[in-house]
Structure formats: C-alpha cells, structure tokens
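Below: one structure, written as structure tokens.
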2 protein chains.
Amino acid sequence: MGELPGQPDPARRSRTPLSRQRVLSAAVALADEGGADALSMRKIAQRLGVVPMALYKHVANKDELLDGMIDTVVGEIDPPVEGADWRSTVRLRVLSARRMLLRHPWAPAVIETRMKERPAPTPAVMAYLEGMIGVFRAGGFSLDLVHHAMHVMGSRLMGFSQELFTDSPSSAAASSPPPEEMAARYPNIAELAGAVAHEAGSVVGGGCDDQYEFEFALDLTLDGLERLRNAAATAD
Amino acid sequence: MGELPGQPDPARRSRTPLSRQRVLSAAVALADEGGADALSMRKIAQRLGVVPMALYKHVANKDELLDGMIDTVVGEIDPPVEGADWRSTVRLRVLSARRMLLRHPWAPAVIETRMKERPAPTPAVMAYLEGMIGVFRAGGFSLDLVHHAMHVMGSRLMGFSQELFTDSPSSAAASSPPPEEMAARYPNIAELAGAVAHEAGSVVGGGCDDQYEFEFALDLTLDGLERLRNAAATAD
DNA sequence: ACCTGAACACCGTTCAAGT
DNA sequence: ACCTGAACACCGTTCAAGT
C-alpha cells in the first residue's frame, strides 16, 4: 500500500499518527480474518506497530472498541436509493445490509451481544433505522404500521437478529442525548417513539410489547406460508 | 436444595460425582447469571467445588462445552403438541423456543457464532429441525415448500438467527454420522436434503442457494406488509 | 492408572515510573 | 504533560510430578 522509503521505520512503526478510525479499521480487518475470538487489544496494537497502551488514547476500552467496530460496518450499508418506490428501496437496502454481514461474519454475534447489554444503539445503527423508517413513511405507511413493519422486518433489517433496538420509552429516554437533540437528528424515530408512547399510554411503562410484536411478525410469516401452500394445492 | 449433613464437605466438595450433565448445568447457570463473558472453565470448576482440570474429563475443551450448552438449552424447547393443526403446532413450538431464549439471553450470540464456525448442528438442534419439518410435511406442504418454509422461518425458528443450518449437500455429507444412520434418525431432514440435492442437480455443488432463499423470505415478508398497508388505506 | 498442581502463553487494564 | 513498560488479575490448556 505505497510504502514510502527513506524513513527510520524500526519494526514497522506507523508514520501516520494513530487515530480512532485507524484503530477501528485495524480491528475490523483482524476480526474479518480470524473472527471475534482472534481479536485482542494486543494484536491490534501489534498490527499498527504500536504499544498496546497507545490504543487507549483512542478507545476507552474493549467494549467501546466493539461499539466503534459495529458503527464502522453498519456505516458501510448503502444509503436509500433516490426516486424509487418504498418496496424497491427497502429491498435494496436490506440486501446491502446482508452483503455487509457476509463481508463481516463476526458482526451478527457481536451486534446481538451488544444490543442486549447496552440500551442505546450506535449512531450508524440509529441512522440506518432512521432512513428505513423514512422510506416506509414516504411510502404511505401509517405510524402504527411502520411500528409493526420495523418489528416484522427485525431479523431482516440486519439480515438477522432478534431485536435491533428496544424502543420502550424508558430505555430510549435513558440514552445519553437529550430528547430535543435526538428529535432533531432522528425525526422519524422521535415521531414513531412518541406515537408508540401515546398509543399504549394507559399501560404502566407502556410503549412497545415485545411479545406482541414477535407474535405479530410470526403470524404474518405464517399467513404467507399458508397462502403459498394453498396456491400450490389449487394449481395441482 | 436439600444439603445432606454429616459429611466431611471441606469447601463445598461435591459428593455426587462429576458428570458431563452436571458440568453443563453449572455452565448454563453461570452464563444465565453473568452472560457469556462471565463464563470460564475456572469459574465453573469453582462452582462445582472442583479443580479446573477435573472438567476436562467430561468436556474436551471450551468449544465442546459451548456445544453442550447449546444442546442443553435447545433440548428445553417443548416437543410438538399432538393432534393440533400444523399452524398451531409450529406457532406453539416457536413461542416455546422464544421463551427458552428469554431464559438464556447468551444463547443467540453463542449459537450464531457456533453455527458459523462449525458445519454440523448439535443433536438437539437437529431433533428440533426434524420435528419442525415433520409438522410441515404432515400439514400437507410439498418438499419444495417445506424447504422454502424452513428458510422463511429461519430467524423465527430460534427466535432469531440468520441461518440455522447450511443444507448444501457437501457440508451435510461432511458431518460425522454416516448417511444411513442420519437417514434413520432424521428421516425428514434426509428426505428434504435428498430432494434439494436432486432439484438443482445440474448446478455444480447444487442444492441450496442461500441468496435465493434469503430473497424469497424477504419478499414474502414485504408482500405481507404491503397487503396490510393497502387494507389499512381501503378501510379509511 | 488416575488425579492435580505448577507452568505456559495468552488476555484487558491499572499504575507508577520514566521522559 | 505525555507516553509506556512492568505489573496485576485473569484466561484456556499442557504437562510432568505426585498418588
């Protein structure tokens, strides 16, 4: 990759100064090659020609490194195409997400673990969800139906996964950014979260019933399968 | 839990001799409490009042321990109910799988990783898939449609997950048990695998096109969403 | 023959000592 | 003030020494 000569370079010392992005890129490359198990702070440092402690200037710890890695790869997903109908747009974007996951096989398990341990998704995941909600809204889906649609898509949105995010108002409110800033940056998410909070406002801690959403998605899938079976039987 | 007194018991030594099942149970309990990260051979041994090396008599290594843990929790999923229609049966069983995963939050990520690294699913996963295929078959689904159905269910079958198994003939054949024994133990899987291998027999390494299956499942979901949206618009 | 303690090659991260 | 080596508390697993 263009080794500039005429420099001391003892033991592959990096001339470009270390940066968070360089650390994350090295970490992603390492995980791509050997899986999440092969990833260690010490190996990342070694690959960058740097002492392990140097990494801690750019990432707080390994957890924060993993968050950064997720953000990096989710950021690789193509943005929504312009001027197409909602269905083609969702389809293309989900297929782009799938291609990303095929490039980074370690990502699903890491995201799965991360989403379960941490309340707030990373910025790139938020942006991805934001864009997807926007496409559904522009396609004429009601807020209620977008809410269901996001849950139904769930496992497909990232090509896998149980739940991409927990959208109960409490956990969303517990996240770092203040509500106004979040509403400005992610208007569709904010609008949806507001509607969801209102919808089941009477129930304590209301908002989103994961169990209901899971069954809703399941039943929709079963409906499709049954329809296919009946069509095949009729065509005989 | 019924501590029998009048025994030496120095430092909680186990009187019941160590067994593979006791090791796996302790490991599952540990992971349930502290997540997969909190799981270590040394901590399992400590909890069993045993020296770490003693575990290696019952599990070859940590990878094999994880396989055993998966088998244990998948074995907790209810068997198919008798005498109900296919749809109720699948529905109940998938909901049972989801309840199991809620009890063992570490399981999805571990299964995800495991399935990606290893070719052959554990016996309990095989039995689970076997039962599910049987239900679809008894419900009048053609082999072709069962094949699609298993892929569509994919992420729901375990309440998550990209692909539960790779059903390309090559990888299936590479698994340990000889084809006849596998056909005897898992007739539905064997029948399906045979049909799939035949179906695309002309294609080199034929069998199952993951990309096609993913898009098939995605399109089915999208169809359902579109139908719902149109129904909601008409009802206005 | 069986069991097990010490040892080895790793971890992530702290912290004090160097510049 | 910044950087970094040594150190600490862990890992999974090997292996030789004990019974």
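In what follows, chains are A, B, ... by sequence order, proteins preceding strands, each numbered from 1.
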Task: Spacing of B:Leu18 atom CG relative to C:dT4 atom P, expressed in whole Å - done: 10 Å

Open item on the list: Need one value for A:Met41: base, sugar-phosphate or nothing, where a base atom within 4.0 Å counts as base even if backbone is also close, heavy atoms only.
Closed with: sugar-phosphate

TODO: Specify the separation, in whole Å, of atom CG of A:Leu48 and atom P of D:dT4.
DONE: 13 Å

Open item on the list: Under a 3.5 Å cut-off for both contacts, is D:dT4 paired Watson-Crick or G-U wobble with anything, and if yes, with which nucleotide?
Closed with: C:dA16

- [ ] Check B:Leu39, B:Thr122, B:Asn61 against B:Leu66 for a side chain to side chain contact (heavy atoms under 4.5 Å, CB included) and give me the one that passes.
- [x] B:Leu39

Task: Interatomic distance where CG belongs to B:Asn61 and P belongs to D:dC15 [whole Å] - done: 15 Å

Open item on the list: Donor-acceptor check, side chain of B:Ser96 to backbone of B:Leu92, threshold 3.5 angstrom: yes or no?
Closed with: no

Task: C:dC11 OP1/OP2 closer than 4.0 Å to side-chain N/O of A:Lys43 - done: yes

Task: Whole-Å gap separating C1' (C:dC10) and NZ (B:Lys62) - done: 13 Å

Task: Which nucleotide in D:dT4, C:dC11, D:dT13 has an atom nearest any side-chain atom of A:Ser40 - done: C:dC11

Task: Atom-pair distance (CG on A:Leu55; C1' on C:dT13), nearest Å - done: 12 Å

Task: Nearest-Å distance for atom pair CE/P, residues A:Met53 and D:dA1 - done: 22 Å

Task: Sidechain-backbone polar pair: B:Lys62 side chain, B:Met41 backbone, donor-acceptor under 3.5 Å - done: no

- [ ] Return yes if some donor-acceptor pair links the side-chain N/O of B:Glu64 with the main-chain N/O of B:Ala60 below 3.5 Å, else return no.
- [x] yes

- [ ] Scan every strand shown for a Watson-Crick or G-U wobble partner of C:dC11, both distances under 3.5 Å, and answer none if you come up empty.
- [x] none

- [ ] Ignoring hydrogens and angles, tell me if any N or O in the side chain of A:Arg93 forms a donor-acceptor pair with the backbone of A:Tyr128 under 3.5 Å.
- [x] yes

Task: C:dC3 phosphate, OP1 or OP2, under 4.0 Å from B:Lys57 side-chain N/O - done: yes

- [ ] Take the protein atom CG of B:Asp63 and the nucleotide atom P of D:dG12, then report the distance between them rounded to whole Å.
- [x] 11 Å

Task: Candidates C:dG12, D:dT13, D:dG5 - which lies nearest the side chain of A:Arg42 - done: C:dG12

Open item on the list: Whole angstroms only, please: what is the OH-C1' distance between A:Tyr56 and D:dC2?
Closed with: 18 Å

